[in-house]
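Working notes, structure below.
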Amino acid sequence: MSLDQRVEPVDPAVRVRIAPSPTGPLHIGTARTALFNYLFARRTGGTFVLRLEDTDVERSTPEFEQDILDGLHWLGLDWDEGPGRGAEPDHGPFGPYRQMQRLARYRAISDRLLAEDLAYYCYCTAAELDAERKRLEAAHLPPRYSGRCAHLTAAERAAFEAEGRRPAIRFRIEPGIVAFDDLVRGHVEIDASALGGDLVIVRAEGTPLYHFCVVVDDAAMKISHVIRGEDHLSNTPKHILLFRALGEAEPLFAHLPLILNPDRTKMSKRKSQTALDDYINEGFIREGLLNYLALLGWSTGSEEEILGLDEIAARFSLEHVQKAGAVFDRERLEWLNGQWIRRLPPAELVDRLRPFVQREADAGRIDGLPADSELQALVPLVQERLPVLGAIGDLVDFLFTDRLVLDPAILVPKRWDGPTTLDGLGAAREALFAIDPAGFQPDRLEEALRALAEARGWKAGDLFMAIRVAVTGRTATPPLFETLAALGQERTIERLDAAIAVLGGPSQERGGS
RNA sequence: GCCGCAUUCGUCUAGAGGCCCAGGACACCGCCCUCUCAAGGCGGAGAUCACCGGUUCGAAUCCGGUAUGCGGUACCA
């Protein structure tokens, strides 16, 4: 088996990172970017770093941070270096891994840029900048900072200070073409004059900004490959200019295609379900999610598609990353998720189903919690019927409730009428009642009911459907005889009696005639 | 507006000049299996490879232009 000649060779010097912002719950797009970084690290024998970009103090919260860390861990995308989860300490030689804990470093570097005149203090207020931008837009010119503060004298600065103005720090964007070779998109050139003028790297209030921190940290953490979403492609020249100003080697860049809403715009909370938690709560499992996400914007280059994390890592290559955005297709996710649920060992499936069964109980949809052994016994009946774990309720709730609600409208099979149904259920009741309790097993039940249908000239399917609805309240259920056996003889008889009553039939004494 | 990137079935994709009047998967339709629902099997429909030119004996694949879409353009990340 010859490996693709173009895959990246094993290179322990590879260092990649995922750098989420704790301003919201873990986003499916962040999860995918994390996955691709993780895969690249695994494939090359490199290091996967996690860094929290929490400089947007207004919107960042410890809860979101926790959610992101937990989500990545849940997916199995554990990081070699980065913050610890919960009480765990940070690990790795390049910490701290939260940007708000790295302020001293940003401060030192912005001071240096200031001293080298690669950056300068800007006293413009938000209102002034806004007015300037509006004027340019009105004149159909691209918004760009005028450079008003680019060459202030000491006296001018003192005057602004005297007014009580606090300065932001701007990085000088020098004219010229910035070019780089993106590992996914090839050669890219952007004219620095299109970058909007000198870039604010530190707020007036003193905290550093994203474009600055990302470069300082990627340099400090020796990141070799920046693998991120395409939405950062246009920002890359700013980063490259910053790397150069810092005297640091630029990393290699790889911009991944965006995950899209159905209308082909960038996937957003407004138009799609973006929080990983929401998928977890529906009962998507990590294997399915990982497999699906890996195939969104990447392929093996062959027709293989159902692959586990290790198999994906063994095949991963940036060469096969797609250039165009990919619409998030929930149907395909569900299919893949079902594939992986079917592959789970029974005991494992029971473990994963537990929280979802618990939820049915919490919601009052079932009256008691089935034991593991009971759940395990149901696995053969439900395993291939679960696109998501959350579907377990609809499949088995009727087994664990004492208050079955019967809809008379579906109690009568399509080809039958009321009297026939009544007749059928009554006859079935007698036949099932006659079975020895010890023999209340699928094979025996099927035998008895088929014999009954034959004797009465009914189509077996019609009889079975009448019993199914009477006993489960549903028209779609796991196989009937296994279901009746799981329910037990006594409850089966009770439910048949209840259905007969609903249809207006004679109420029968317990024990029957 | 300006800058950048992209464009193969509805969707995810294979495809690196002849193997392609384009293959697989999801979804859809039909048949089989079948006690329902699933799962599974088999089959079908579905893409003039965005468009126009060029290079070439030959182009989905190379080149140029056009169109459309998306992304970026913050003292957000």
Side-chain angles (χ1 to χ4, degrees), chain A residues 6 19-24 53-56 58-60 122 124-126 129-130 133 136-137 139-144 166-170 182 185 188-191 193-196 199-211 213-214 229-237 255 257-258 260 262-266 292 295-306 320 322-336 338 342 381-387 395 413 446 449-450 453 459-465 467-469 472 474-481:
Chain A
R6 295 174 307 265
S21 234
T23 54
E53 311 222 322
D54 53 358
T55 56
D56 185 348
E58 298 285 308
R59 298 193 297 144
S60 296
C122 172
C124 297
T125 64
L129 259 16
D130 216 45
R133 197 172 302 119
L136 288 167
E137 264 171 40
H140 293 293
L141 291 168
R144 128 183 278 277
R166 304 291 309 139
I169 300 176
R170 278 186 192 269
D182 190 277
R185 339 193 78 88
V188 178
E189 287 188 358
I190 296 177
D191 191 330
S193 69
L195 264 27
L199 179 72
V200 176
I201 56 174
V202 179
R203 296 181 177 89
E205 148 259 332
T207 51
L209 259 1
Y210 168 75
H211 293 302
C213 299
V214 97
E230 191 199 338
D231 44 354
H232 282 109
L233 189 62
S234 302
N235 291 146
T236 301
H255 288 92
L258 256 20
L260 275 21
D263 66 3
R264 306 203 72 90
T265 52
K266 181 164 82 164
Y292 178 70
L295 259 20
L296 249 201
W298 173 80
S299 73
T300 58
S302 71
E303 285 174 1
E304 300 176 295
E305 54 183 2
I306 299 180
H320 280 108
Q322 201 76 14
K323 292 184 179 68
V327 173
F328 191 89
D329 180 1
R330 193 199 156 88
E331 301 268 17
R332 197 170 148 82
L333 202 213
E334 280 192 15
W335 172 75
L336 225 25
R342 271 165 239 142
L381 305 188
V382 301
Q383 190 154 22
E384 64 190 30
R385 282 167 241 268
L386 292 170
L395 246 28
E446 177 161 13
L449 293 171
R450 281 192 190 281
K459 289 198 70 173
D462 293 333
L463 207 220
F464 297 167
M465 181 53 84
I467 298 171
R468 164 177 292 112
V469 176
T472 68
R474 300 175 185 279
T475 54
T477 70
L480 183 62
F481 312 111

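So that the names make sense, note that chain A is the first sequence line, chain B the second, and so on, each numbered from 1.
Using atom C1' as the reference point in both C51(B) and U7(B), the two lie 11 Å apart (nearest Å). Rounded to the nearest Å, the gap between the C1' atom of C5(B) and that of C42(B) is 43 Å. Taking atom P on both A60(B) and G53(B), the two are 15 Å apart, rounded to the nearest angstrom. Spacing between A39(B) and G46(B) at atom P, rounded to whole Å, works out to 25 Å. A gap of 13 Å separates the P atoms of A50(B) and U11(B), to the nearest Å. U8(B) sits 15 Å from A25(B) when the C1' atoms are compared, rounded to a whole Å. Using P as the reference atom, C9(B) and A22(B) are 14 Å apart when rounded to the nearest Å. Here the separation of U13(B) from C32(B), taken at their P atoms, is 36 Å to the nearest Å.
Regarding Asn235(A), its CG atom lies at a distance of 14 Å from the P atom of C76(B), rounded to whole Å. Taking atom CD1 on Ile190(A) and atom P on G4(B), their separation rounds to 7 Å, with Å as the unit. Here the P atom of nucleotide A38(B) and the CD atom of Glu334(A) are 13 Å apart, to the nearest Å. Between the P atom of U7(B) and the CG atom of Leu260(A) lies a distance of 13 Å, rounded to the nearest Å. Straight-line distance from the CG atom of Asp182(A) to the P atom of G4(B): 15 Å, rounded to whole Å. As a whole-Å value, the separation of Leu233(A) CG from G71(B) P is 13 Å. Regarding Glu331(A), its CD atom lies at a distance of 10 Å from the C1' atom of U11(B), rounded to whole Å. In this structure, Leu381(A) places its CG atom 16 Å from P of A39(B), rounding to the nearest Å.
Tyr292(A) contributes a side-chain N or O that, together with a main-chain N or O of Asp329(A), makes up a donor-acceptor pair within less than 3.5 Å. Here the side chain of Arg385(A) pairs a donor or acceptor atom with the backbone of Leu381(A) at under 3.5 angstrom. With Asn235(A) contributing its side chain and His211(A) its backbone, the two residues share no donor-acceptor pair below 3.5 Å.
Residue Thr475(A) has no polar side-chain atom (N or O) positioned under 4.0 Å from OP1 or OP2 of C37(B). When the side-chain nitrogen and oxygen atoms of His320(A) are compared with OP1 and OP2 of G15(B), one or more of them lie within a distance under 4.0 Å. For C35(B), the OP1/OP2 oxygens have a side-chain nitrogen or oxygen of Arg450(A) closer than 4.0 Å. Contact annotation: Lys459(A) side-chain N/O to C35(B) OP1/OP2 distance is not under 4.0 Å. Between Thr477(A) and the phosphate of U36(B), there is no side-chain N or O to OP1/OP2 separation shorter than 4.0 Å. Phosphate proximity of C76(B) to Arg203(A): present, with a side-chain N or O under 4.0 Å from OP1 or OP2. In terms of phosphate contacts, Arg342(A) brings a side-chain nitrogen or oxygen within less than 4.0 Å of OP1 or OP2 of G40(B). Side-chain nitrogen and oxygen atoms of Gln322(A) include none within less than 4.0 Å of the OP1 or OP2 phosphate oxygen of U7(B).
When each of Val327(A) and His211(A) is assigned the nucleotide of RNA chain B bearing its nearest heavy atom, the one mapping closer to the 5' terminus is Val327(A). Between Gly297(A) and Ala476(A), it is Gly297(A) whose nearest contact on RNA chain B lies nearer the 5' terminus.
A heavy-atom distance below 4.5 Å is not found between the side chains of Arg59(A) and Ser21(A). With a 4.5 Å cut-off on side-chain heavy atoms, Arg203(A) and Leu209(A) count as touching.
C49(B) is unpaired under the Watson-Crick or G-U wobble criterion, no partner having all donor-acceptor distances under 3.5 Å. Searching all strands for a Watson-Crick or G-U wobble partner of A67(B) with both distances below 3.5 Å returns U7(B). The partner of U55(B), taking Watson-Crick or G-U wobble pairs whose two distances both stay under 3.5 Å, does not exist in any strand shown. In this structure, C35(B) forms no base pair with any nucleotide, since neither Watson-Crick nor G-U wobble geometry is met with both distances under 3.5 Å. When both pairing distances are held under 3.5 Å, U61(B) makes no Watson-Crick or G-U pair with any nucleotide shown. In this structure, G30(B) and C42(B) make a Watson-Crick or G-U wobble pair, each of the two defining distances being under 3.5 angstrom. In this structure, G72(B) forms a base pair with C2(B), meeting either the Watson-Crick or the G-U wobble geometry with both donor-acceptor distances under 3.5 Å.
Of all non-hydrogen atoms in Leu296(A) and Val327(A), the two that sit nearest each other are CD2-O, 3.9 Å.
Going from atom NE2 of His255(A) over to atom NE2 of His232(A) covers 7.5 Å, rounded to the nearest 0.5 Å.
Contact of Arg185(A) with C5(B) (side chain to base): no donor-acceptor pair of N or O atoms is detected under 3.5 Å. No donor-acceptor contact under 3.5 Å links the side chain of Arg264(A) to the base of C70(B).
Checked against A25(B), G71(B), C75(B), the side chain of Thr265(A) finds its nearest nucleotide in G71(B). Taking only side-chain atoms of Arg468(A), from C-beta outward, the nucleotide of U36(B), G4(B), A27(B) with the closest atom is U36(B). If you check U7(B), U36(B), A77(B) against the side chain of Glu53(A), the one that comes closest is A77(B).
A salt bridge is defined here as a Lys NZ or Arg NE, NH1 or NH2 lying under 4.0 Å from an Asp or Glu carboxylate O, and Glu334(A) with Arg330(A) meets this definition.
Nucleic acid contact class of Pro257(A) (heavy atoms, under 4.0 Å, all strands): none. Base engagement by Leu480(A) is indicated by at least one non-hydrogen atom pair under 4.0 Å involving a base atom. Using a 4.0 Å heavy-atom cutoff across all strands shown, Ser21(A) reaches sugar-phosphate atoms only and no base atom.
For CD of Glu58(A), the number of neighbouring non-hydrogen atoms (other residues, nucleotides, ligands) closer than 6.0 Å is 12 at most.
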